[in-house]
There are 2 protein chains.
Amino acid sequence: MDHDQELQTVADHFRQEGYRWTPQRALIVRAAFATHDHFTADELLARSHEQDPRVSRATVYRTLSVLEAAGFVEGLDTGDGGRRFEHVLGHQHHDHMVCTTCAAIVEFHDPLIEERQEAAARQHGFLIERHSLRLYGQCKRCRASVQKRVGR
Amino acid sequence: MDHDQELQTVADHFRQEGYRWTPQRALIVRAAFATHDHFTADELLARSHEQDPRVSRATVYRTLSVLEAAGFVEGLDTGDGGRRFEHVLGHQHHDHMVCTTCAAIVEFHDPLIEERQEAAARQHGFLIERHSLRLYGQCKRCRASVQKRVGR
DNA sequence: TTACATGCAAATGATTTGCAGGGAC
DNA sequence: GTCCCTGCAAATCATTTGCATGTAA
């Protein structure tokens, strides 16, 4: 799915749900989908401002919450109180490793883990709607630089 | 490990790390360990106030952060911006299912999942310090009441 | 004695909301 | 023409911090 198609999908969803499709929302969604990275609300505001400095922070938050509810975007707690969002539409589900030193995010996926989650849920009569698996620690790069320091 | 022993362990840790062991900290830790549930900072403050209304919110937060750093307590983002803590000392590691309807928390544990997490981390040169696995959805009770409603 | 801890109130930072004017449908 | 959306500023909410005073070691 290319970006224009995606944008169309989102626009359709907004209208179907009774939301209006405004230039601000188009601009914010375009900015959110521009790259597949993990952005904060503030970064999204900044990116939107590159296109039009009049877009307000409030509208960014309001749009993000509609996008999240619709599953176009997924929010991750960063652990330090903030949140980052990622563009999900058209991307395969995956989990995250978060570096506690440099905040780098590594994505991974393991079907066996997903399967065992389902099994655990079944055992408890629980119906999974979504899940979040995060590994916190040191990424390759940060481990390497620690070892260097320790080594000398 | 009974509660007095636990308290002693925590007190020892505080002193070893150069923190002072004060009546407030003892009171707060006792309140945190009183039950194995998932409490907010605010609830802990309330519980502490039952013993001594002069304990301040700031001291609760300051004590929680030492407890968390030491691994006596573990913080979980609730998804709505807040956090809950749970007493970890003397309890086996486990993950959580969170009911999005009634907020009930079900604990579960799967060694195979842990193993696969380690494997994934190894593959990416990542060193896990801690992890968080949360399944969000409907608990048994809430599923049952939805079905009842749909059924009639 | 001397840092560190405490309580208080003010500061912070992310997110939300009330409101009056503007614009999608 | 409605009613939702927007920008702005003020309001929240959880958490943190500065400071003068208290106190564990």
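Here is the naming used below: chain letters follow the sequence lines, and residue numbers restart at 1 for every chain.
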Worksheet item: Given that B:P53 and B:Y19 both sit by DNA chain C, which one's nearest nucleotide is further toward the 5' end?
Response: B:Y19

Worksheet item: Under 3.5 Å, is there a donor-acceptor pair linking the side chains of A:E86 and A:H91?
Response: no

Item to complete: Figure out the CG/C1' separation between B:L45 and C:dG7, and round it to whole Å.
Response: 12 Å

Worksheet, complete the sentence: Walking DNA chain D from its 5' end, the first of B:T40 and A:R25 to be reached, judged by nearest nucleotide, is A:R25

Worksheet item: Can A:E115 and B:R116 be counted as an ion pair, charged N to O under 4.0 angstrom?
Response: no

Discussion item. Quiz question: going by heavy-atom distance under 3.5 Å, is there a donor-acceptor pair between the base of D:dC8 and the side chain of A:R57?
Written reply: no

Worksheet item: Has B:Q24 got a side-chain N or O lying under 4.0 Å from the OP1 or OP2 atom of C:dG7?
Response: yes

Worksheet item: Using a cut-off of less than 4.0 Å, is there contact between a side-chain N or O of A:T59 and OP1 or OP2 of D:dC5?
Response: no

Discussion item. Exactly one of A:V66, A:L67, A:V60 should register a side chain to side chain contact (heavy atoms under 4.5 Å, CB included) with A:T63. Which one does?
Written reply: A:L67

Practice prompt. For C:dA14, take OP1 and OP2 only and decide whether either is under 4.0 Å from a side-chain N or O of A:R83.
Written response: no

Practice prompt. From the options C:dC8, C:dC25, C:dT15, select the nucleotide whose nearest atom is closest to the side chain of B:A58.
Written response: C:dC8

Worksheet item: What's the spacing between B:L112 CG and B:Q117 CD if we round to 0.5 Å?
Response: 10.0 Å

Practice prompt. Please state how far atom CZ in B:F85 lies from atom C1' in D:dT15, giving the value in whole angstrom units.
Written response: 10 Å

Item to complete: Please report, rounded to the nearest Å, how far the C1' atom of C:dA5 is from the CG atom of B:L64.
Response: 16 Å

Item to complete: Measure from CZ on B:F14 to C1' on C:dC4 and round the result to the nearest Å.
Response: 13 Å

Discussion item. In this structure, how many angstroms lie between the P atom of C:dA24 and the CG atom of A:D12, rounded?
Written reply: 17 Å

Item to complete: Go through D:dT15, C:dA5, D:dA9 for me and flag the one nearest to the B:T22 side chain.
Response: C:dA5

Fill in: Value in whole Å for how far the C1' atom of C:dG22 lies from CZ of A:R54
12 Å

Discussion item. At less than 4.0 Å, is any side-chain N or O atom of A:Y61 found next to OP1 or OP2 of C:dT16? Yes or no.
Written reply: no

Practice prompt. Would you please classify the geometry between the B:H13 ring and the B:F72 ring as parallel, tilted or perpendicular, with 30° and 60° separating the classes?
Written response: perpendicular

Worksheet item: Hey, which of these two, A:S56 or B:P23, hits DNA chain D nearer its 5' end, going by closest nucleotide?
Response: A:S56

Worksheet entry | Rounded distance in Å - CZ (B:R62) to C1' (D:dT15) | 11 Å

Worksheet item: Separation of A:E17 atom CD from C:dC25 atom P, in whole Å?
Response: 15 Å

Item to complete: Would you kindly check whether a donor in the side chain of B:R20 faces an acceptor in the base of C:dC4, or vice versa, at under 3.5 angstrom?
Response: yes

